[in-house]
Every structure is written in structure tokens, then in C-alpha cells.
Enquirer: 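This is the structure I have questions about; it appears just below.
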Amino acid sequence: MTKSPFTKSVPGFTQEEVVSKIGFCEQLKGGVIMDVVNDEQARIAEDAGACAVMALERVPADIRKHGGVARASDPTMIEAIQKTVSIPVMAKVRIGHFVEAQMLEAMEVDCIDESEVLTPADEQFQIDKRVFKTPFVCGCRDLGEALRRIHEGAAMIRTKGEAGTGNVVEAVRHMRALMSEIRALRGMDAQHLEKRAVELRVPFDLVAWVAENQKLPVPNFSAGGVATPADAALMMQLGAEAVFVGSGIFKSGNPVQRAKAIVRAVTHFRDPKVLIEVSKGLGEPMVGIDIHVMPANERYAGRGV
Amino acid sequence: MDASAPIVGVLALQGDFEDHAESLRRQGLCTREVRSARDLVGIAAIVLPGGESTTMLKLLDVEGLWAPLGRALQSGMPVMATCAGLILLAQHVENPSQRSYGILPVTVVRNGYGRQLHSGTFALRSDVLPKGTTGTFIRAPKITRVGPGCEVLAWRDGDPVLVQQGNVLAACFHPELEERHPVTERFAAMVRANGAGGTAMGGCVGGCG
């Protein structure tokens, strides 16, 4: 492939992948991606201004409640959603379950989320995302996880947060960790960058790219516990470029109004006046869970390698 | 940077508006993110970026921006629209049909080249762009009809993908994903030729100290 001097280069990505895979994710910036479990919810999400929907059988709050093994969704449901909306449709696969990913790619899902919300299928390896033409999004808790996922081919990174809790504290923790680790790379010489690359278990070039550009080479979104317009704006001010909302919308008292409010909050995330306006009379938010009383084995964010 | 340099407004409701702003600043232009009607005051040109057109339509309404933006688009100032931006300008939108400003006499089919799996970089055929120019199409709209008065500047296979009418330039693909692209350069030249429409009011973001 001929390399244009005018395209940004990202270690490990071809020029074509930079513009088409990462370029797809760039189009979602400033938007809200909403979890939906059927075509009716997908329609509501699109009408409220979602920039994409995430099709899954149960939102994380219900996965928590019902327990058992959570897997990729029934293709029938995903197809029904694809037929219903004109915005991008994403879907989740289990960590390491590349066959579920092959199926989603064959169904022409626009983006695949290799997600810790589902029960991991592989405790040693995540999916080799480079062999897919479909862009992948993966969760992270810190810079090491983010860069390992990007090295595997993820075209978009999101914080893991703690999905299905309605509690934004973990998403904040993960975004702050990521951003401060990026800042800490500034000005490091090659020897120190080499050391960081070894610690983070990723190639030197990737760490050097982040040190120089002071951001991830792919869009950096937030997910996991966002329940209010203020939560969404908080994540944007902390550095997120778009927001995933899972259980927060359809587990609330007034999904239509809350969905619209969060969409507006993400566009005007620095404008408290707009945030006040959209936060009025939203009805009941989803009931949240205090992370500190949650047993370690019920936390999803530790899943993945 | 010249303090009287023209300010290009970039619609910043949703989408890759930052890439657009960055690529224009690389051309030496000032940019300003447009999120409300007051942001339109004093701009000399405007960009409608890629993103989701349905999301932008909703936000244009709730922000009270639909009519003011419409007046700006029809004021004769240079306009560049890509992907979702083109959909907002088209006279007719299909798959599904939706509201648009209708100032560009074209019919577009949303996602006309298929879902993301069919996205990619394709060769362009053009008499005005340098030989070898490519365009990255992402769930791109397809132009199926071009009305009189609208000039086709580039084709992908047999389809028109870059059109211009007067000062309005619109592409199905994403020049802003490249650090430099002939389409961005063409637009920057249009902005300069048009002069600094209004630069006295409001500030610009980045790039022009």
C-alpha cells in the first residue's frame, strides 16, 4: 500500500485502516451510543438523537440481576434493529470469542464491542481484531489496557466503568487513570519510554506515539455507570469524546426524555445552563449500586487481560 | 497569524468536527465551533461535518439553530459539507426520506454504499483534483441525481461524489481524515477568495493567536 504523507500514521494500523476503521469511530464523536434490547427501543434511541445503538439481549443491570452466562445476542434481534434504524448498529461479543465476532461481521454489524459485560470466553487472549474489517471497541481501566487493545486492533477505546450500576465512580476512576498516565509520558526520553512499553506490555512505537501526541491514537469514549446528563457531561469534561449509555436510559422512569437530555448534555458538556435545563423534571433515574458494597466477583471491570 | 483572517464556523453538534477544524487550521484559517445561533455571528464560511445526520437534525431543532443556520447557508458564504453534512444540504433524501435544507439540487440515498463493512478508500476520477486523489467513504451517502446548475467535480466509478454549486462544495467522502486533502485546499481557496466576510465579532478557537 502506498503511504500518503498526509495521513496520520498509527503504529500497527495500515493507512487504509486509519481512515476507514478509525475514521468510522471519529464520526461518532460528540454523540451518545445507547444500549437497546429490541427494535422499539432502537427507534426511541434514534428519535432521541443517538449517534448509534448497541444491540444486546439484556442491559447490564439485568445481566447482573439474572446472572448466568451472558453471550452475544440472538441474530434475529440484531437484524430487526438493523432493519429499523438508519444509524450505526453495534453489538457485543464475549472477550476472546472470535467466532461470535465472525458472525457479527458476516451480519454487517457496523462496530463490534468485545465487552467485559458479557461472560469472558477466553482468560488468556482477547480477539485478534486486526483480521477483521469491522472496527472494534474495547474497554479499558488504564493506559496499559487501552494500548494492549489498540495493539490487538481496536479502533476505539472506552472506559470500562462498572456497567449496570448507575454509578459513575468507576468510569471516572478509569478515565482519570488513563489521562494521567498519558500526561506522565510527556517529555520522557527513549530509555524511559522503552521501560514503560515493557511495563505496559506493548510495542515501543505505540507508547512513543502517545507520549508525542498526548492522546490515544484512536477515539477515547466513556462507558459504564452513566445515568444522568451531568454524568455524561462529567465524562466529557474529563476527556471522553463520546459517551455510551447502557442501563441508564431504559432502566429509568422516562427513557425518551432522559435519552434526549443526555444527547444534548454531550453536545453542550461545558455549558451548565443547558445542563440545568435538560436535567429538570427527568423523573426517576435508574436505581444505583454502591460499588463499595459490591462483592469483587460481581465486578465486570476486572475481566480481560 | 493575521487578526483579520476569515473565521470558518464548524457545526459542532455531533460528528468529526474537530478533524475538520484541525485540517482548516493547517490551511492557515481560523475556526470556531458552532453550537448555537450566536456562534454564527461574524463567520465568513461554514462547514457541515460528517457524523449522524439524524442526530444533527434533532439538535438543530432543540438548539433553535435550524433557521439561523439555514440563513447562513443561503447567504452566499462558502460552505463545505461532507457525508452527513451533504445529506443536510440535499434537495431530496432517501432511505429513509428526511428533512433537509434543500439548497443543493441533488438526491442522496443515505448509506447508499452499504454499512460500515463496505466503507473504505476509493480512487476518484476528476478533472479538477490532482491525479491519484482518493476519498474515504464511511457509510457514505450516494448521490443518485444531480440537478441543473450543480457541477460534478469528481466521480467514484460512475457516481458523482463531489459537487459544487456556486460557493457550496459537498462531498460524499471525508477529506478531513487526511492531514491535507485537495478538497480541503479547494475550500480554503474559496474562503480566501471570498474575503473575510465578517471577522470583527466573536473570537475563533485555536490556530490564530
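Residue numbers start from 1 in every chain, and the chains themselves are labelled A, B, ... in the order their sequence lines are given, proteins ahead of strands. Note: hydrogens, waters and symmetry copies are ignored here, and every other heavy atom, side chains too, is used.
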Enquirer: For B:Leu117, is it the side chain, the backbone, both, or neither that has a heavy atom closer than 4.5 Å to a heavy atom of chain A?
Expert: both
Enquirer: Assess whether atom CD of A:Glu212 is packed by more than 12 heavy atoms of other residues, nucleotides or ligands within 6.0 Å.
Expert: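 Atom CD in A:Glu212 is not packed in, count stays at 12 or less.
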Enquirer: When heavy-atom pairs shorter than 4.5 Å are enumerated against chain B, which of A:Gly31, A:Gly30, A:Gly49 gives the highest number?
Expert: A:Gly49
Enquirer: Under a plain distance cut-off of 3.5 Å, with no hydrogens placed, do A:Glu26 and B:His174 share a side-chain donor-acceptor pair?
Expert: no
Enquirer: Establish, yes or no, whether the cationic atom of A:Arg130 lies under 6.0 Å from the six-membered ring centre of A:Phe13 and within 45° of the ring axis.
Expert: yes
Enquirer: With a 4.5 angstrom heavy-atom cut-off, could you sort out which part of B:Ala12 is near chain A: side chain, backbone, both or neither?
Expert: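 Interface part for B:Ala12: backbone (N, CA, C, O).
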Enquirer: Chain B heavy atoms under 4.5 Å from A:Glu17: which part of the residue, side chain, backbone, both or neither?
Expert: neither
Enquirer: One thing to verify: whether A:Lys92 and A:Glu100 come together as a salt bridge, which I'm taking to mean a side-chain N less than 4.0 angstrom from a carboxylate O.
Expert: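 Not counted as a salt bridge, because no side-chain N and carboxylate O are separated by less than 4.0 Å.
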Enquirer: With a 3.5 Å cut-off and no angle check, do the side chains of A:Glu241 and A:Asn220 form a donor-acceptor pair?
Expert: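 Looking only at side-chain atoms, A:Asn220 and A:Glu241 do not form any donor-acceptor pair under 3.5 Å.
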Enquirer: Give, as side chain, backbone, both or neither, the part of B:Leu59 having an atom under 4.5 angstrom from any heavy atom of chain A.
Expert: side chain
Enquirer: Does any backbone or side-chain atom of B:Glu176 lie under 4.5 Å from a heavy atom of chain A? Answer side chain, backbone, both or neither.
Expert: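 The side chain, not the backbone.
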Enquirer: Would the number of heavy atoms belonging to other residues, nucleotides or ligands and lying under 6.0 Å from CE of A:Met77 be above 12?
Expert: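 Atom CE in A:Met77 is crowded, with more than 12 foreign heavy atoms closer than 6.0 Å.
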Enquirer: Taking the six-membered ring for Trp, are B:Trp66 and B:Tyr101 parallel (under 30°), tilted (30 to 60°) or perpendicular (over 60°)?
Expert: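 Parallel, since the angle between the ring planes stays under 30°.
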Enquirer: Please determine whether a side-chain nitrogen of the Lys or Arg among B:Glu52 and B:Arg110 lies less than 4.0 Å from a carboxylate oxygen of the Asp or Glu.
Expert: yes
Enquirer: Given a strict heavy-atom distance threshold of 4.5 Å, which part of A:Ala50 is in contact with chain B: side chain, backbone, both, or neither?
Expert: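 Just its backbone gets close to chain B.
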Enquirer: Chain A heavy atoms under 4.5 Å from B:Arg115: which part of the residue, side chain, backbone, both or neither?
Expert: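 Both parts, backbone and side chain.
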Enquirer: Give the member of B:Thr134, B:Thr54, B:Asn95, B:Leu13 that has the highest number of heavy-atom pairs under 4.5 Å with chain A.
Expert: B:Leu13
Enquirer: Non-hydrogen atoms of chain A under 4.5 Å away: do they reach the side chain of B:Arg139, the backbone, both or neither?
Expert: side chain
Enquirer: At a 4.5 Å cut-off on heavy atoms, which part of B:Thr121 comes close to chain A: side chain, backbone, both, or neither?
Expert: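 Contact with chain A: backbone and side chain both.
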